[in-house]
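As structure tokens, the structure follows; a few thoughts come after it.
Residue numbering restarts at 1 for every chain, and letters A, B, ... go by the order of the sequence lines.
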Amino acid sequence: MAEENWIEVGSTDSIEEEDLIRFDHGDKTFCVYRLTDGFYATDGYCTHEVVHLEDGLVMDDEIECPMHQGVFNIKSGEALSPPACEDLKTYPVKVDNDKIYIKID
Amino acid sequence: MKKKILILGGGQSALYAAREIRRNDEEASITILGEEKQLPYERPPLSKDYLLNKKNEEDLVFNNSKILDDKKIFYINTNIEKVDFNSKTLVSNNQKEYSYDILLIATGSENNKIKLDNNLEDEIHYLRNLEEAKIIKKKIENKNNIVIIGGGFIGLEIASSLSQLNKKVTLIEIGNQLMGRIIPKPIADLVKDTHEAAGNKIILNKQILQISKYNENYKILLSDNSELEADFIIAGIGSKPSVSLFENTDLKLDNGILTNEFCETSIKDVYAAGDVSNFYHPLYKQYIRLESYQHAQNHGICAGKNISGLKIEYTSIPWMWSDQFNLNLQLTGICENFDEIIERGKDIENGIIYFFLKDKSIKGACGLGVAGKVGRDIRITTKLAEKNVIVDKRILGDESQKLNKLISK
């Protein structure tokens with residue numbers, strides 16, 4: 001894959017553990033998470049209704065939508081609890097020199 | 001032995017119970033007997049995205065119909081009109097018999113209706129199921145002066161949708177605030193302001209005395225003798241559990257079907273879940289009946305576990321939401337019998353939450369904000385209420401401090 005697909009999100013200390021930040025790039029929006037074992041990224045909007053997951057609650061490996069409590073696995077994107085039934089898209093993340101990068105296709 | 005399980009009622013509780021039974025028992029035969037033609041579907045969008053044409057009928061069906069096929073769950077569209085608990089048989093209106101080893105009753109609830117002393121009762125519309133939503137959606141196309149009777153969640157959600165469809169809307173509520181049964185007044189007042197800013201007219205403290213018709217329009221006489229005109233009337237004035245089928249049976253009823261913490265009724269091998277059940281809640285040590293999406297789902301799942309032989313108590317903390325305009329209102333726990341209220345947040349752009357405490361522990365909360373802004377803190381409140389922990393009030397009331405830190409790991 002072309003090197004330019006890796007987009008810089010920010011520094012690793014910009015996200016607290018078990019938390020997330022919103023990251024907008026072009027016309028797309030993402031969530032970037034810091035879990036106990038590393039950084040992860042998903043689409044920003046819940047697959048149930050258009051509401052941003054940045055205000056959701058991160059618990060272990062899961063993100064819960066703040067509007068209707070749909071739950072997704074952050075690492076796989078799997079929709080775990082209704083009303084969400086469509087999986088959330090996930091993106092590769094790497095850390096280089098304390099900077100977080102996500103690969104957007 | 002392969003168990004024969006019948007689920008009476010085809011809503012959300014029924015579906016989630018069926019799936020949970022299948023998860024635990026690959027052999028059992030599972031059949032849902034539903035009164036509606038449609039496979040189990042989501043009701044919340046009916047008053048919102050469905051009316052607004054953002055979602056169509058197919059979008060509402062839970063996941064998709066394939067899930068029933070995959071899990072060998074049968075759905076039969078039928079009207080049951082007789083139950084015999086002794087012979088363990090249900091009889092439909094076309095005299096077909098269905099026998100069971102275990103029965104789950106998930107018949108839900110039905111709308112309270114407005115009583116009039118003329119023949120206009122049938123012209124007042126209600127919104128509970130897809131058929132009713134379809135009719136309303138079609139009929140309002142050329143209506144523009146719509147009166148909604150009842151200022152609860154459903155009336156307000158419809159008012160919000162109709163306003164977005166550029167209809168003139170007047171909503172009449174008998175009480176002195178909107179959503180008075182469960183929502184604190186300051187939040188209800190903010191919702192009222194939002195509706196009024198969008199052009200909806202809200203009338204409180206008024207009762208309907210009479211509805212009459214001239215030509216194609218209605219005249220509504222209110223308790224202060226004022227009159228309103230309307231070309232379409234929708235009412236949402238609460239609901240009651242759907243128990244008429246059981247009224248002359250041994251099944252114990254009291255504001256629904258009395259159910260213990262394991263979803264068991266007074267009759268062996270008969271369970272009840274969802275809106276129809278008045279269940280014992282071990283955390284609150286009292287019977288409660290709930291009408292919400294989350295409860296329908298979780299109570300169905302709990303019934304499914306118990307039917308499968310797992311002995312699981314239902315201890316879920318109540319949670320519900322309402323979406324109106326761009327706002328999301330959420331309620332968790334029990335917001336009564338409190339001795340202290342703490343306010344968090346100042347404006348609905350970032351969310352306002354009222355926390356209800358008793359003996360320093362948090363019992364519930366109600367919040368209102370632009371979509372997504374109160375959910376996280378309401379969810380954390382649910383977790384705190386489950387554990388009945390004493391919380392640091394300064395953190396609760398200080399928007400700059402995250403509530404995550406109140407949840408001990």
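Contact of the A:H68 side chain with the B:W321 side chain is registered, since non-hydrogen atoms from C-beta on lie closer than 4.5 Å. Residues B:Q297 and A:S81 form a side-chain contact, since some pair of their non-hydrogen atoms from C-beta on lies under 4.5 Å apart. No side-chain heavy atom of A:E49 sits less than 4.5 Å from a side-chain heavy atom of B:K54. A 4.5 Å side-chain heavy-atom check between A:V58 and B:N404 finds every atom pair outside the cut-off.
If you measure heavy-atom distances from A:Q69 to chain B, the contacts under 4.5 Å come from both the backbone and the side chain. Heavy atoms of B:D323 lying under 4.5 Å from chain A belong exclusively to its side chain. With a 4.5 Å cut-off on non-hydrogen atoms, B:K383 touches chain A through its side chain but not through its backbone.
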Taking it one step at a time, do B:E42 and A:H48 satisfy side-chain contact (heavy atoms from CB on, under 4.5 Å)? CA-CA 12 Å; B:E42 294 204 62; A:H48 174 239; 4.2 Å; yes
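Listed here is the closest heavy atom pair of A:D55 and B:R376: O-CB, 3.2 Å. Heavy atoms only, all atoms of each residue included: B:G372 and A:P66 are closest at O-CB, 3.3 Å.
The candidate from B:G369, B:A371, B:P45, B:P44 with the greatest count of non-hydrogen atom pairs under 4.5 Å with chain A is B:A371.
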